[in-house]
Amino acid sequence: MSKEFSRTQRVAQQLQKELALILQREVRDSRLGMVTISDVEVSRDLAYAKVFVTFLCVGEQTPESSIAALREHEAHIRMMLGKRIRLRLTPEVRFHYDNTLVEGMRMSNLVSEVVSEDKRKQNEAGRSEENGAEGEEQ
């Protein structure tokens, strides 16, 4: 049996699709680079939409400069969004940088470092035990 989705979840999903198309095709800004919309959270009254984005920054682009560029285009993006979707009230769009991908990569690197350090210590301990066993046999 399929799970029922609330209206806010359906609106958030539709907003995510439409915003992705708008950012890909309509917004022309050299400060943006590649933008990925990772999530959209819509308020219960559908008046506000938090849009979480990640960026593929090239050259001198930074997430901070890209967010600033997106925030400059918020009104224009909301206007284009209002033309594409049928809602009584077009939500006010607010962009937020989503650092979960960066944090996930950092955590993965930390785990990899700990695992490799553990293997290195096990190998060193194994060698010292072998050396101790050889010394006893002589």
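These numbers come from the heavy atoms of this one structure, side chains and all, not from hydrogens, waters or symmetry mates. Count residues from 1 along the sequence.
With sequence neighbours excluded, no residue forms a side chain to side chain donor-acceptor pair (under 3.5 Å) with Gln16. Residues forming a ring-ring contact (aromatic ring centres under 6.0 Å, His included) with His96 (at least two apart in sequence, or on another chain): Phe52. Residues meeting the side chain to side chain donor-acceptor pair (under 3.5 Å) test with Glu103, sequence neighbours left out: Arg106.
Between Lys50 and Val42, the closest side-chain pair of non-hydrogen atoms is not below 4.5 Å. No side-chain heavy atom of Val111 sits under 4.5 Å from any side-chain heavy atom of Asn109. Looking only at side-chain heavy atoms (C-beta outward), Glu117 and Glu113 stay at 4.5 Å or farther from each other. By the 4.5 Å heavy-atom criterion applied to side chains, Phe95 and Ile37 are not counted as neighbours. At least one side-chain heavy atom of Glu26 sits under 4.5 Å from a side-chain heavy atom of Arg84.
If you take CD1 on Ile77 and CD on Glu72, they are separated by 11.0 Å, rounding to the nearest 0.5 Å. One distance of note links CG of Leu15 with CZ of Arg10; it measures 12.5 Å at 0.5 Å rounding. To the nearest 0.5 angstrom, Lys83 atom NZ is 11.5 Å from Leu81 atom CG.
Panel note: side chain Arg94, backbone Val51; no donor-acceptor pair is recorded below 3.5 Å. Formation of a donor-acceptor pair under 3.5 Å by the Ser108 side chain with backbone atoms of Gly104 is not found in this model. Checked by atom type and distance alone, the side chain of Ser43 pairs as donor or acceptor with a backbone atom of Tyr48 at under 3.5 Å.
In summary, the side chains of Gln13 and Gln9 do not present any donor paired with an acceptor at a separation below 3.5 Å, with no hydrogens or angles considered.
Heavy-atom contacts from other residues, nucleotides or ligands closer than 6.0 Å to CE of Met79 number more than 12. For Arg7, the CZ atom sits in a loose shell: 12 or fewer heavy atoms of surrounding residues, nucleotides or ligands are nearer than 6.0 Å.
A pairwise comparison of heavy atoms in Val93 and Glu74 identifies O-CD, 3.3 Å as the closest pair.
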**Report entry** From CA spacing to verdict: side-chain contact (heavy atoms from CB on, under 4.5 Å), Glu41, Thr8
**Finding:** CA-CA 8 Å; Glu41 292 178 1; Thr8 55; over 6 Å; no

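Between Val53 and the choices Leu70, Thr36, Leu19, the side-chain contact (heavy atoms from CB on, under 4.5 Å) rule is met once, by Leu70. Just one residue in the list Asp98, Asn99, Thr100 forms a side-chain contact (heavy atoms from CB on, under 4.5 Å) with Thr54, and that residue is Asp98.
Linking ILVMFWY residues whenever their side-chain heavy atoms come closer than 4.5 Å, directly or via other members, places Leu46 and Ile85 in the same cluster.
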